[in-house]
Structure formats: C-alpha cells, structure tokens
Number of protein chains: 2
Amino acid sequence: MTKNFSFIEKLRETGLRPTKQRIKICEVLFNREKTFHFTINDLVKKISEELNEKISLATVYNTVHALQKKGYLKEISINSNKSYFDTNTSVHHHFYDEDTHQLIDCNENEIESVKVKNNITGKKINSVEVLVRVASDNQNQN
Amino acid sequence: MTKNFSFIEKLRETGLRPTKQRIKICEVLFNREKTFHFTINDLVKKISEELNEKISLATVYNTVHALQKKGYLKEISINSNKSYFDTNTSVHHHFYDEDTHQLIDCNENEIESVKVKNNITGKKINSVEVLVRVASDNQNQN
DNA sequence: CAACAGTTTAGAATAATTATAATTTATAAT
DNA sequence: ATTATAAATTATAATTATTCTAAACTGTTG
Ligand SMILES: [Mn+2]
Ligand SMILES: [Mn+2]
Ligand SMILES: [Zn+2]
Ligand SMILES: [Zn+2]
C-alpha cells in the first residue's frame, strides 16, 4: 500500500482532499507504466473492472477535472462528441487511429519539431501539437 | 443569380437535390471570399441574419453533413462540446484563439511542413495537421 | 470528540446532436 | 401538364455527454 500513500501525498500537496474515491481514481490512472488515454466512460469501466468498485459518475467527472486543473491530466479534443484525457500532460503529438478510435502518443523522434514562422499579432503561443490521423491500409473507400 | 445556378449545378453533380434550403445554405457558406469556420449555431445565425430565412435545425444539420460527406466541408475538432466545420477542405493547419474561440487558417508559409518519421505499422496516414493554440499575451494565469 | 468545510451521490437539468414520422417537394414517367 | 415516387424538410421527441443541485456523508482541524 505504499503506492496509495504516494497518491495521498500528491493529492494533499495540490490541495485536494485524499478521499477514498480520489485515491482509487489515481490508482487506476497513474499505476500503469504506459500513458493512458481515456474517456470518462473508459475510466468508469476500468474502475469497475480493475477495482470492482462503483464511484458515481459525477465524482468521476469532478475528480478528473480537478486533476486536470492541477496539471495531472490533460484534455485532448479529437472527436467532437466526447472528451479524451491523457495522463501524459506534456505538450506532445498523437496518432489517432480512425478505425479503433485509439489515441497513441508520438515519441519525440517520430515527428520532427514543428516550426511556426508567423504568429498572430498580440497573441502568445500556448502549444503546438500535431495530430496524425491513420487508418487501416485496406482500400475501403465509399 | 448566376451564383445560385452554380450551386444548383454543383449540388446536382454530386447527387444532392438542389432544394431551396440547400441552395441557401450554399450561398451563406460559399459566397464569401475568405474561409469560413463555423459551428452549426453560427450557421443558423448567419442564415437568419444574412438571408432573413428560417431553415429548420434538422435540415441545417443534414445539409452540413451531406456537404461534408461530398467533400465540400471539413469537420474540425477543437472543443469537445461542439463541432466546427470549415469551408477549406484541404489538409491544413490552424491557429485556435483560446480567448475568442476563433479558428484561423495557417497559411502554407506560416508552418514548416511536418515530417512524420515513423508511422504505425499496417496503417496509412490520412492527414497530418497542426493546431497552434494561442491566447492573449496578458499574464492572466490562475 | 465536535464542528465545518469539502466531497460524494442520485437524480434532474442542459446542450449538442440524431432519430422519427408526418408533410412537402423535386424529379422522372406518363 | 399531371402523376407517381423517392428524397427532403420539418417539428418534435429521443439520445448522449456533461454539468448542476441539494441532501447526505466524510476528512481535517482544533
Ligand atoms: Mn471539459
Ligand atoms: Mn458529426
Ligand atoms: Zn498523449
Ligand atoms: Zn481551416
């Protein structure tokens, strides 16, 4: 249970009370070796599958948004109908598999750094991110 | 009225019946010199402002999707809560103004072409697009 | 152990989008 | 031109993701 202890610390540090529910959500989100890209629904499913727990939908939304606000999660917009979140909070690029609707991080070395030569006057650049849409190689056009 | 005639042709060519409503929507969308980035709501507003007409919301959705399917419009996902559409259907990059929620096309010369060095095996790349998020230069962090 | 603010929860409300089913319209055939 | 038919439009209902609400509960602090 040393793992959970670290989440309690982490939550406390950022001014979030380490409640039962938040700790469980942290476990599901951050106790993994690879980046996790998910929708709220994915997360709810994982919580019930991996932890055999039920956390109310409102709490899952609240907690994910709280973690995002504190910089532990990042929101990604791919699909206009639902939000994706990402445990990799750095500015980075993605592959989006249009067949499986999966988001995959681009490694640093997979995309050459993007140069923005002209910016809009009076504005500062917050992020520059690339989305590579991929699909199966079959010739399945309409 | 030569303009409308061209829309009638265009619609007919792609197998869409040139109805009163579709022609009006085409006018609003394509009778402009600059690229138009819009939400369904923006479009409905323009229709009532510019043409003093009321087209039912269902028809606006249907028509926009029909035009998109035929390649006359492109859907852009920025914000997870609503869809943006774009009269520029080419693969291209955008600035997104996080203050005003406006989408602006990047000119060819504003972003250096992006090189994807490694792709996912078994998949083909459909598009590579960059999103540059900008905001006002004021120091308004939380 | 209080006390109190912060959190969780079920369920209602909202907002964008899609589905339905009746009416209307565009086109093609007569 | 009239008619037949399929396609489109419309008002409205349904759906889906998300947010709000307000009551019950829990974590923290003294
Ligand atoms: Mn959000
Ligand atoms: Mn859509
Ligand atoms: Zn990622
Ligand atoms: Zn554009």
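The figures that follow rest on heavy atoms only: side chains count, while hydrogens, waters and symmetry mates do not. All chains are named by letter (A, B, ...) in the order of the sequence lines, taking the proteins before the strands, and each is independently numbered beginning at 1.
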> List the protein contact pattern of nucleotides 24-30 of chain C with one symbol per nucleotide (5' to 3'): B for base contact, S for sugar-phosphate-only contact, - for none; contact means a heavy-atom distance under 4.0 Å.
--BS---
> Of all of residues 38-48 of chain A, which get a heavy atom below 4.0 angstrom from DNA chain C, listed by number?
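Residues of residues 38-48 of chain A that come under 4.0 Å of DNA chain C do not exist, since none gets that close.
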> Would you mind reading off the distance between Lys82(A) atom NZ and dT18(C) atom P, rounded to a whole angstrom?
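Value for this atom pair: 13 Å.
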> Please report, rounded to the nearest Å, how far the C1' atom of dT8(C) is from the CD atom of Glu53(A).
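Those two atoms, CD and C1', are 14 Å apart.
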> Has His65(A) got a side-chain atom pairing as donor or acceptor with Thr63(A)'s backbone, closer than 3.5 angstrom?
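Side chain of His65(A) to backbone of Thr63(A), a donor-acceptor pair under 3.5 Å: no, none is there.
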> Evaluate the criterion side-chain hydrogen bond (donor to acceptor under 3.5 Å, both in side chains) for residue pair Ser90(A) and Asn88(A); output intermediate values, then yes/no.
CA-CA 6 Å; Ser90(A) 70; Asn88(A) 178 352; 2.7 Å; yes
> Would you say Glu50(A)'s side chain and Ile47(A)'s backbone share a donor-acceptor pair under 3.5 angstrom?
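Side chain of Glu50(A) to backbone of Ile47(A), a donor-acceptor pair under 3.5 Å: no, none is there.
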> Which one of Lys20(A), Lys46(A), Lys24(A) satisfies the salt bridge (Lys or Arg N to Asp or Glu O under 4.0 Å) criterion with Glu53(A)?
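Of the listed residues Lys20(A), Lys46(A), Lys24(A), the salt bridge (Lys or Arg N to Asp or Glu O under 4.0 Å) partner of Glu53(A) is Lys24(A).
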> Please walk me through it: do Cys26(A) and Leu11(A) pass side chain to side chain contact (heavy atoms under 4.5 Å, CB included)?
CA-CA 9 Å; Cys26(A) 283; Leu11(A) 288 166; 4.1 Å; yes
> Please determine, for dT30(C), whether a Watson-Crick or G-U wobble partner exists with both distances under 3.5 Å, and give it or none.
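By the stated definition (distances under 3.5 Å), dA1(D) pairs with dT30(C).
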> Specify whether Tyr84(B) and Tyr96(B) have parallel, tilted or perpendicular ring planes, treating 30° as the upper limit for parallel and 60° as the lower limit for perpendicular.
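Geometry flag for Tyr96(B) against Tyr84(B): perpendicular rings.
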> May I ask you to verify if any side-chain N or O of Tyr61(A) is less than 4.0 angstrom from the OP1 or OP2 atom of dT19(D)?
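False: Tyr61(A) side-chain N/O out of range (4.0 Å or more) of dT19(D) OP1/OP2.
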> Find the distance Lys54(A):NZ to dT9(C):C1' and express it as a whole number of Å.
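Computing the Lys54(A):NZ to dT9(C):C1' distance gives 8 Å.
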> Within the structure, does a side-chain N or O atom of Thr59(B) lie under 4.0 Å from either OP1 or OP2 of dA8(D)?
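It does not, given that no N or O in the side chain of Thr59(B) lies less than 4.0 Å from OP1 or OP2 of dA8(D).
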> Determine: side-chain N/O of His65(B) to OP1/OP2 of dT17(C), distance under 4.0 Å, yes or no.
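No, outside the criterion.
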> Rounded to the nearest angstrom, tell me the gap between atom CG in Asn79(A) and atom P in dT17(C).
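It is 12 Å, rounded to the nearest whole Å.
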> Taking all atoms of both residues into account, what is the closest heavy-atom pair of Asp105(B) and His94(B), and its distance?
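Of all heavy-atom pairs spanning Asp105(B) and His94(B), the closest is OD1-NE2, 2.9 Å.
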> Could you state the CG-P distance from Asn81(A) to dA15(C), rounded to the nearest angstrom?
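Asn81(A) atom CG is separated from dA15(C) atom P by 19 Å.
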> Of the non-hydrogen atoms in Thr89(B) and Leu73(B), which two are nearest, and what is the gap between them?
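Where Thr89(B) meets Leu73(B) most closely, the heavy atoms are CG2-N, 3.5 Å.
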> Go through the steps to decide whether Val44(B) and Asp42(B) satisfy the test side chain to side chain contact (heavy atoms under 4.5 Å, CB included), and finish with yes or no.
CA-CA 6 Å; Val44(B) 169; Asp42(B) 295 336; over 6 Å; no
> Main chain of Ala135(A), side chain of Lys124(B): is a donor-acceptor contact present, judged purely on distance under 3.5 Å?
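No, because the side chain of Lys124(B) does not come within donor-acceptor range (under 3.5 Å) of the backbone of Ala135(A).
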> Grab the CG-P distance between Asn62(B) and dT10(D) for me, whole Å please.
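Atom-to-atom, Asn62(B) to dT10(D), this comes out as 10 Å.
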> Please report, rounded to the nearest Å, how far the C1' atom of dT9(D) is from the NZ atom of Lys24(B).
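About 12 Å, once rounded to whole Å.
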> Would you please confirm or rule out a distance under 4.0 Å between OP1 or OP2 of dT18(D) and any side-chain N or O of Ser83(A)?
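Yes, such a contact exists.
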> Compare every heavy atom of Lys74(A) with every heavy atom of His92(A), then report the nearest pair and how far apart it is.
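It is N-NZ, 4.1 Å.
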> Nearest-Å distance, NZ (Lys69(A)) to P (dT7(C))?
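Going from NZ in Lys69(A) over to P in dT7(C) covers 11 Å.
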> If you look at every strand shown and take non-hydrogen atoms under 4.0 Å, does Leu57(B) touch a base, only sugar-phosphate, or nothing?
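Contact class for Leu57(B): base.
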> Taking N or O atoms only and anything under 3.5 Å, show me the protein contacts with nucleotides 2-4 of chain D, one pair per line.
none

> For the residue pair Phe38(A) and Thr87(A), what are the closest heavy atoms and their distance?
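Looking at all heavy atoms of both residues, the closest pair is CE2-CG2, 4.4 Å.
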